[in-house]
Protein chains: 2
Amino acid sequence: MNKELILRLSKYKRLLFKLKALGLERVFSNNLGDAIGVAPSLVRKDFSVLSLSGNKRGGYDIDMLIEKLDIVLGRDKPQEVIVVGCGRIGTALMQYEEFRNEGIKIIAGFDVSPENVSKTSGVPIYHIKEMKDFVEKNGTKVGIIAVPDSEAAATLDMMIESGIRGVLNFATIELRINNRGEIDNEEQPCTIHNINICLELEHLFYQVNVANEMEPEKAE
Amino acid sequence: MNKELILRLSKYKRLLFKLKALGLERVFSNNLGDAIGVAPSLVRKDFSVLSLSGNKRGGYDIDMLIEKLDIVLGRDKPQEVIVVGCGRIGTALMQYEEFRNEGIKIIAGFDVSPENVSKTSGVPIYHIKEMKDFVEKNGTKVGIIAVPDSEAAATLDMMIESGIRGVLNFATIELRINNRGEIDNEEQPCTIHNINICLELEHLFYQVNVANEMEPEKAE
DNA sequence: CGTTTGTTGTGAATTCATTCACAATATAAC
DNA sequence: GTTATATTGTGAATGAATTCACAACAAACG
Ligand SMILES: NC(=O)c1ccc[n+]([C@@H]2O[C@H](COP(=O)([O-])OP(=O)(O)OC[C@H]3O[C@@H](n4cnc5c(N)ncnc54)[C@H](O)[C@@H]3O)[C@@H](O)[C@H]2O)c1
Ligand SMILES: NC(=O)c1ccc[n+]([C@@H]2O[C@H](COP(=O)([O-])OP(=O)(O)OC[C@H]3O[C@@H](n4cnc5c(N)ncnc54)[C@H](O)[C@@H]3O)[C@@H](O)[C@H]2O)c1
């Protein structure tokens with residue numbers, strides 16, 4: 001299962017909810033394709049791979065798609081997350097109420113100096129030393145890294161050690177398992193997604209400064 | 001020029017700076033490959049495409065690489081950005097001092113109610129109505145969207161209208177040009193990158209709940 | 001009912017990034 | 001100076017994701 005494919009599936013699902021809320025009951029592959037920016041044939045291929053079938057004329061049934069996608073995506077909400085590092089990014093996330101609508105719940109924050117963190121969200125904040133116990137007790141599997149860059153790698157180690165299996169990293173250093181030795185022999189895999197805002201901005205500057213300056217047809 | 005390729009080039013550059021700071025003068029393709037997580041042959045291919053050549057034994061000269069990469073990436077810093085929507089995410093970004101080290105400068109924030117924004121960063125905050133003038137006057141080309149989802153599409157229109165040509169979007173709806181009509185006949189292209197934190201988390205939940213539960217070799 | 005229309009479903013073709021494999025060659029060693 | 005060694009540079013092979021193209025078919029229409 002391809003990363004891009006899974007992303008598309010999530011996008012389909014998100015869109016289907018909106019269409020359903022609007023009162024629609026069926027969609028065509030080209031509606032979905034237009035909306036998420038892919039070719040209709042790819043939409044059909046995606047569904048075909050998952051054995052989701054439509055109706056030779058009337059398109060796909062929205063309820064059916066949502067139901068099947070939920071199964072494939074394995075979401076029997078709500079999903080629980082912890083935030084490690086309760087600074088600017090960390091608290092912005094903890095205060096973001098919309099997560100609830102997405103079936104996502106931030107159940108705790110951890111910091112080296114929890115006494116400095118303003119507790120304006122309903123999320124409890126603990127000292128980082130308590131993380132391992134907490135994660136083990138709650139069986140938490142996903143966590144967000146929002147500590148300073150210099151702490152990121154060590155924090156990752158600690159989280160994996162505690163039992164975290166999925167990490168969203170905001171530090172501007174790219175984390176990968178195996179970055180620091182020792183861990184990769186642990187048998188449980190851990191998935192890491194890096195959100196590198198600096199890199200994204202640099203990419204935009206490139207597009208704006210360089211790519212768009214060339215003859216537009218030659219540029220990417 | 002491929003998106004992935006450009007991302008790799010930025011990563012090479014970032015890494016090369018660190019190596020240089022450590023006192024190194026030359027690197028091999030496998031050093032770079034290990035560090036950013038790609039095959040050495042891909043590193044060589046990347047450089048080959050850009051006609052950056054190394055030395056048949058001693059690898060690549062770091063200074064030369066940095067210099068050439070800077071040219072390719074078109075960075076004659078510092079690059080200026082505006083932030084539209086000065087809420088939790090927006091202010092977190094404005095307060096992030098590390099951008100300076102990356103040659104990125106946030107020059108202004110815009111909001112519908114600037115009087116409510118705590119001005120704890122050095123960045124001036126203006127009413128959204130002043131954005132167009134500001135952007136035109138400063139020739140700003142890149143902006144960040146951090147307004148509520150419901151405002152995101154309209155905000156994008158306004159930014160493009162004002163002359164912004166690269167957008168980093170934090171709203172959880174995927175923005176694309178052509179989303180709302182009318183704009184796509186404007187001849188200037190605008191690049192949009194969406195950072196969808198909810199989607200990233202959902203993806204992690206999928207990995208953790210579904211993919212890793214199957215026989216690990218069959219899962220993605 | 002028969003015909004037209006529009007949409008799915010999918011095997012084949014295509015495209016494109018990555019990896020392979022190895023010849024070319026600069027440096028080091030002796 | 002000759003030989004050994006390490007690393008580059010790149011054309012060919014591979015592999016994967018996407019698009020193409022069209023047959024199959026359900027619904028709508030007359
Ligand atoms: N703020 C931004 O706009 C922004 C932009 C791009 C990248 N980032 C990255 O996001 C990360 C967080 O940024 P921020 O601006 O929120 O930083 P911040 O300094 O506001 O917050 C960091 C928090 O982590 C805590 N902390 C430090 N060491 C810790 C440890 N070992 N364990 C647990 N907590 C620890 C600190 O007490 C602090 O509360 C950084 O890596 C930064 O590079 C931030
Ligand atoms: N905070 C998070 O952790 C988080 C996580 C995921 C996604 N997001 C997305 O990021 C965006 C911003 O989130 P936030 O938490 O910072 O929201 P927020 O409500 O804290 O801030 C939004 C700001 O935008 C301003 N605003 C509203 N309409 C505007 C307009 N038309 N023009 C200019 N400014 C306007 C508001 O005054 C407010 O200051 C949202 O789209 C949200 O979905 C946020």
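Fair warning: this is a prediction, and the values are worked out from it, not measured in the lab.
For the pair Leu5(A) CG and dT18(D) C1', the interatomic distance rounds to 12 Å; values are reported in whole Å. Distance, Leu65(A) CG to dG9(C) C1': 14 Å, rounded to whole Å. Rounded to whole Å, atom C1' of dA17(C) lies 13 Å from atom CG of Asn2(A). The distance between atom CG of Asp46(A) and atom P of dT19(D), rounded to the nearest whole Å, is 10 Å. As a whole-Å value, the separation of Arg44(B) CZ from dT7(D) P is 10 Å. Rounded to whole angstrom, the span from the CG atom of Asn30(B) across to the P atom of dT7(D) amounts to 7 Å.
Projected onto DNA chain D by closest heavy-atom contact, Lys56(B) and Lys45(B) fall at different nucleotides, the more 5' of which corresponds to Lys56(B).
Between Leu65(B) and Tyr12(B), every side-chain heavy-atom pair lies at or beyond the 4.5 Å cut-off. Using a 4.5 Å heavy-atom cutoff, the side chains of Leu73(B) and Asn209(A) are not in contact.
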Give the intermediate values and the outcome of salt bridge (Lys or Arg N to Asp or Glu O under 4.0 Å) for residues Lys20(A) and Glu67(A). CA-CA 12 Å; Lys20(A) 186 181 157 88; Glu67(A) 187 185 333; over 6 Å; no
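A close approach under 4.0 Å does occur between a side-chain nitrogen or oxygen of Asn55(B) and OP1 or OP2 of dT27(C). Contact between the side-chain N/O atoms of Ser29(B) and the OP1/OP2 oxygens of dT7(D) is not found at any separation under 4.0 Å. A close approach under 4.0 Å does not occur between any side-chain nitrogen or oxygen of Tyr60(A) and OP1 or OP2 of dA26(D).
Asp46(A) pairs with exactly one of Arg8(A), Lys13(A), Lys11(A) by the salt bridge (Lys or Arg N to Asp or Glu O under 4.0 Å) rule, that one being Arg8(A).
Nucleic acid contact for Arg8(B): sugar-phosphate only, since backbone atoms but no base atoms lie under 4.0 Å from a heavy atom of the residue. Gly58(B) comes within 4.0 angstrom of no nucleic acid atom, judged by non-hydrogen atoms across all strands.
Side-chain atoms of Leu42(A) lie closest to dT19(D) of the nucleotides dT5(C), dT8(C), dT19(D). Candidate nucleotides dT8(D), dA16(D), dT18(C) were compared by shortest atom distance to the side chain of Glu4(B), and dT18(C) ranks first. Checking dG6(C), dA28(C), dG9(C) against the side-chain heavy atoms of Arg57(A) singles out dG6(C) as nearest. Nearest to the side-chain atoms of Ser41(B) among the listed nucleotides dA21(D), dA16(D), dC20(C) stands dC20(C).
Ion pairing of Glu174(A) with Arg14(B) is absent here, as no side-chain N (NZ or NE/NH1/NH2) approaches a carboxylate O to less than 4.0 Å.
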